[in-house]
Amino acid sequence: MPRITLPDGSVRQFDAPVSGTEIAADIGSGLAKAALAIQVDGDLRDLAGVIEQDANVAIITRESEDALELLRHDAAHVLAEAVKELYPETQVTIGPAIENGFYYDFAREQPFTPEDLERIETRMREIVDRNETIVREEWDRDEAIRFFRDWGEEYKAEIIDSIPQGEVVSLYRQGDWIDLCRGPHLPSTGKLGKAFKLLRISGAYWRGNSDNEMLQRIYGTAWPSEKELKAYLHMLEEAQRRDHRRLGVEMDLYHFQEESPGAVFWHPGGQRLFQRLIRHIRERQEEAGYVEVDTPQIMDRSLWEASGHWEAFRENMFTSQTEDGRLFALKPMNCPGHVQIFKNGPVKSHRSLPLRIAEFGKVHRYEPSGALHGLMRVRAFTQDDAHVFCTDEQITQEATAMCDLILSVYRDCGFEDVRIKFADRPPLRVGTDDIWDKAEQALRIAIDSTGLRYTHNPGEGAFYGPKLEFVLRDAIGRDWQCGTVQVDFNLPQRLGASYVGEDGARHTPVMLHRAMLGSIERFTGILIEHFAGHLPLWLSPKHAVICTITSAADDWAREVQASFRARGLLAEIDLRNEKISYKVREHSKAKAPVILALGKQEADMGTVSMRRLGSKEQRVLTLDEAVDLLAAEVVGRVNP
RNA sequence: GCCCAUAUAGCUCAGUCGGUAGAGCACUCCCUUGGUAAGGGAGAGGUCACUGGUUCGAAUCCAGUUAUGGGCACCA
């Protein structure tokens with residue numbers, strides 16, 4: 001006789017096992033109509049699921065947060081049903097809900113085309129209109145295997161085959177279509193609604209393994225309401241509008257070309273932005289007690305063998321064979337070089353620890369061709385890399401200081417929303433448990449000091465030590481993993497670094513790896529997208545463009561430019577024989593943060609007419625006022 | 001690396017059935033000195049990504065290569 005406790009604390013007593021449908025109906029007819037599923041003691045179940053024992057039950061409706069996943073999962077099923085109806089020769093595999101949508105992987109000789117996608121989507125809408133009842137069935141495992149194999153669904157059979165013997169498997173039937181699925185599902189296809197859209201077709205490996213055959217994946221998005229669907233599609237458009245590959249061309253920042261895939265040709269504007277970032281990081285880390293070094297671009301194979309890179313990452317390294325037969329490798333990381341500086345530098349004892357070594361090190365990694373993506377994934381990039389050599393006791397304080405510095409640099413750059421991921425000891429590792437305890441504890445204290453929430457990734461640490469990863473959320477809600485703090489017990493020892501401790505004996509230092517922006521190339525891309533090209537003045541590759549309205553103002557324009565330059569402001573001058581609106585349009589498109597329009601009036605009065613990017617407002621200021629205003633904004637690193 | 005798609009002027013893109021290329025913007029010159037997102041005119045600019053094949057003839061059809069795009073896998 002189940003006693004059902006509802007979320008508001010009220011209790012309903014039933015005198016027989018009761019289904020979610022019945023509970024919802026018992027509460028009210030409106031709810032019965034809106035009900036999509038139930039949550040029983042925290043687990044989502046089908047609405048038709050029967051409850052025999054006392055339980056806490058919540059009715060899930062369209063508005064519930066948990067409804068999203070159900071909806072999307074159902075959308076995947078409806079997609080599969082549509083595909084099977086239209087292309088019966090296709091085999092179905094798996095189709096889960098994912099962030100923002102769903103996908104389904106199919107095995108079919110012929111590739112799906114964009115036209116197929118339209119047909120499929122139309123059929124999906126028909127299936128929703130049919131409002132097919134979705135029914136859960138429990139089958140005997142072997143019977144299910146036989147069933148799918150007879151039907152030609154080898155993939156499904158294989159999935160069930162990997163389910164332990166004797167276990168019951170659940171199938172869901174909707175109309176003529178039946179699919180293996182853990183569930184839960186909506187009560188009928190009509191409940192899905194029409195706020196979905198198929199987005200793209202792509203390849204995906206069977207079971208995510210690149211040794212397996214390639215399937216065809218159809219991606220879609222699904223939402224509770226048309227309004228939310230629109231909002232999401234709008235976000236996608238917005239992302240496209242902000243695409244750094246597009247803006248990078250419009251702003252004349254950089255280009256790529258075939259002869260050097262994955263390597264950036266920085267144009268003067270891009271180089272300026274790049275160097276402003278470096279300048280800022282340099283300043284901030286000098287305050288924090290780092291020293292800057294520079295280590296060789298190529299080093300002999302033997303060093304990479306000693307560091308372990310040769311064994312683990314050889315495939316990702318560029319190498320160069322010289323006339324004398326030596327094999328050199330371009331550095332994929334800076335750490336081995338920094339250990340050399342530790343070994344050959346001034347540090348001989350614990351008295352001069354910690355040693356904080358930083359380098360804007362350019363590294364080369366032979367990334368798989370399919371991974372390359374604008375500035376976001378390249379083969380040659382610059383890291384704001386640093387390594388802190390310290391004693392075991394110093395790990396905590398150093399890690400804490402790193403977190404502070406990293407977060408503060410993110411704030412400088414306009415990122416307030418930051419998350420941390422904490423990855424602790426993996427099964428395969430070096431170092432004693434004692435040391436791991438200490439290192440993990442140190443990182444935990446460091447996170448706590450930031451006051452930020454963090455997610456815990458158990459067992460995901462590197463073999464040489466635990467790590468923190470810093471994730472930035474940008475202006476349109478996308479996450480970018482940038483910074484990292486890693487404890488390393490391995491490399492200093494491998495490369496023979498040591499210091500004399502208080503006890504007069506030799507000890508191996510601990511090494512902390514740190515990157516803040518990570519790849520500066522990539523961070524540049526993130527910044528462009530975050531600000532949609534409207535970079536803050538202090539980072540912008542140009543500050544002001546001085547445009548004349550008539551040639552009578554040419555001399556004044558030159559004077560204004562000179563005054564700007566004298567105060568460190570980057571000022572271009574546009575004296576062309578074009579209308580002011582033409583010039584405004586052109587420089588606005590190129591994302592000039594400030595446009596100064598100078599005509600006869602300004603020349604006579606010693607003023608400038610100032611217009612900021614993204615605004616139509618014009619302010620007339622004296623030259624000094626304008627210079628002071630903008631210079632203060634640059635020095636103060638003001639973000640919009 | 002894998003699947004699918006794409007590659008034509010600096011940029012964005014047309015180019016039918018195979019008959020050796022076109023537009024808009026940008027660029028150069030001329031006219032216009034115009035007050036805040038395109039004033040007018042003229043001109044120059046192309047090994048149709050590359051290599052090979054089919055064909056009397058290839059931007060167009062076929063194959064391979066390279067790069068790019070969307071994913072997958074990878075990201076030490």
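Because the structure is a prediction, the values reported are computed rather than measured. Numbers restart at 1 for each chain; the letters A, B, ... are given by sequence-line order, proteins then strands. In what follows, every heavy atom counts, from backbone to side chain, and hydrogens, waters and symmetry copies are set aside.
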Salt bridge A/Arg619-A/Glu625, side-chain N to carboxylate O under 4.0 Å
no

Between A/Asn212 (CG) and B/C2 (C1'), how many Å, whole number?
12 Å

Bracket notation of RNA chain B in which parentheses pair within the strand, [ ] cross earlier pairs, and | pairs with another strand (Watson-Crick or G-U, under 3.5 Å):
(((((((..((((.....[..)))).(((((.......))))).....(((((..]....))))))))))))....

Using the P atom as the reference point in each nucleotide, state the distance between B/U68 and B/G52 in Å, no decimals.
24 Å

A/His234 meets the ring-ring contact (aromatic ring centres under 6.0 Å, His included) criterion, sequence neighbours left out, with none

Does the side chain of A/Arg522 reach to within under 4.5 Å of the side chain of A/Arg377, using non-hydrogen atoms?
no

Whole-Å distance separating the CD atom of A/Glu259 from the C1' atom of B/U68:
14 Å

Once each nucleotide of nucleotides 33-40 of chain B is scored for protein heavy atoms under 4.0 Å, what B/S/- sequence comes out, 5' to 3'?
BBBBBBS-

Tell me if the centroids of the rings in A/Phe415 and A/His530 come within less than 6.0 Å of each other.
yes

Does anything in residues 524-537 of chain A reach RNA chain B, meaning a heavy atom under 4.0 Å, and if so which residues?
none

Hey, does the side chain of A/His373 come within less than 4.0 Å of B/G70's phosphate (OP1/OP2), counting only N and O?
yes

Within residues 419-431 of chain A: residues closer than 4.0 Å to RNA chain B (heavy atoms):
none

Spacing between A/Leu117 atom CG and B/G71 atom C1', to the nearest angstrom:
13 Å

For A/His534, all residues meeting ring-ring contact (aromatic ring centres under 6.0 Å, His included), sequence neighbours excluded:
none

Polar contact flag, side-chain donor to acceptor under 3.5 angstrom, A/Gln340-A/Thr295
no

Grab the CD1-C1' distance between A/Ile218 and B/C72 for me, whole Å please.
15 Å

Salt bridge between A/Arg108 and A/Glu89, side-chain N to carboxylate O under 4.0 Å?
yes

Between B/G70 and B/C13, how far is it from one P atom to the other, in whole Å?
14 Å

Is it true that A/Glu529 and A/Arg478 make a salt bridge, defined as a side-chain N closer than 4.0 Å to a carboxylate O?
yes

Between the protein and nucleotides 74-76 of chain B, which nitrogen or oxygen pairs are less than 3.5 angstrom apart?
from, atom 1, to, atom 2, distance (Å)
B/C74, O2, A/Arg377, NH2, 2.7
B/C74, N3, A/Arg377, NH1, 3.1
B/C75, O2, A/Arg377, NH1, 3.4
B/A76, N7, A/Arg365, NH1, 3.3
B/A76, N6, A/Arg365, NE, 3.1

Residues at least two apart in sequence or cross-chain that pass salt bridge (charged side-chain N to carboxylate O under 4.0 Å, His left out) with A/Glu153, listed by chain then number, are A/Lys84

Write down the distance between CG (A/Asp211) and C1' (B/G1), rounded to a whole number of angstrom.
11 Å

Could you tell me if the side chain of A/Tyr464 sits less than 4.5 Å from the side chain of A/Gln486, heavy atoms only?
yes

How about A/Phe106 and A/Tyr104: are their ring centres within less than 6.0 Å of each other?
yes

What are the atom names and distances for every N/O pair under 3.5 Å that joins the protein to nucleotides 3-10 of chain B?
from, atom 1, to, atom 2, distance (Å)
B/C3, O2, A/Gly203, N, 3.4

Taking B/C17 as the reference, what is the distance to B/G43 when you measure between their P atoms (whole Å, please)?
33 Å

Whole-Å distance separating the CZ atom of A/Phe256 from the C1' atom of B/C11:
18 Å

Please answer whether the main-chain N or O of A/Met516 pairs with a side-chain N or O of A/Asp384 as donor and acceptor at a distance below 3.5 Å.
yes

To the nearest Å, give me how far apart CG (A/Leu199) and C1' (B/G69) are.
16 Å

Under the side-chain hydrogen bond (donor to acceptor under 3.5 Å, both in side chains) rule, collect the residues that match up with A/Tyr454, sequence neighbours excluded.
none

Any heavy-atom pair between the side chains of A/Ile406 and A/Leu468 that's under 4.5 Å?
no

Under a 3.5 Å cutoff, is there a donor and acceptor pairing between the side chains of A/Glu213 and A/Tyr155?
yes

Check the angle between the aromatic planes of A/Phe342 and A/Phe389 and answer parallel, tilted or perpendicular using the 30° and 60° thresholds.
parallel

Does the pair A/Arg241/A/Glu238 count as a salt bridge with the N-to-O cut at 4.0 Å?
yes

Taking the cut-offs as 6.0 angstrom to the six-membered ring centre and 45 degrees off its axis, would you call A/Arg379 and A/Tyr366 a cation-pi pair?
yes

Interatomic distance where CG belongs to A/Leu372 and P belongs to B/G70 [whole Å]:
12 Å

How far does the C1' atom of B/A5 sit from the matching atom of B/A21, given to the nearest Å?
25 Å

Residues touching RNA chain B, which here means a heavy atom under 4.0 Å, drawn from residues 93-110 of chain A:
none

Tell me, do A/Thr455 and A/Phe422 make a side-chain contact under 4.5 Å, heavy atoms counted?
no

State which residues pass salt bridge (charged side-chain N to carboxylate O under 4.0 Å, His left out) with A/Arg119; sequence neighbours excluded, sorted by chain then number.
none

Of the options A/Thr93, A/Val92, A/Ile218, which is the one that meets A/Asp105 in a side chain to side chain contact (heavy atoms under 4.5 Å, CB included)?
A/Thr93

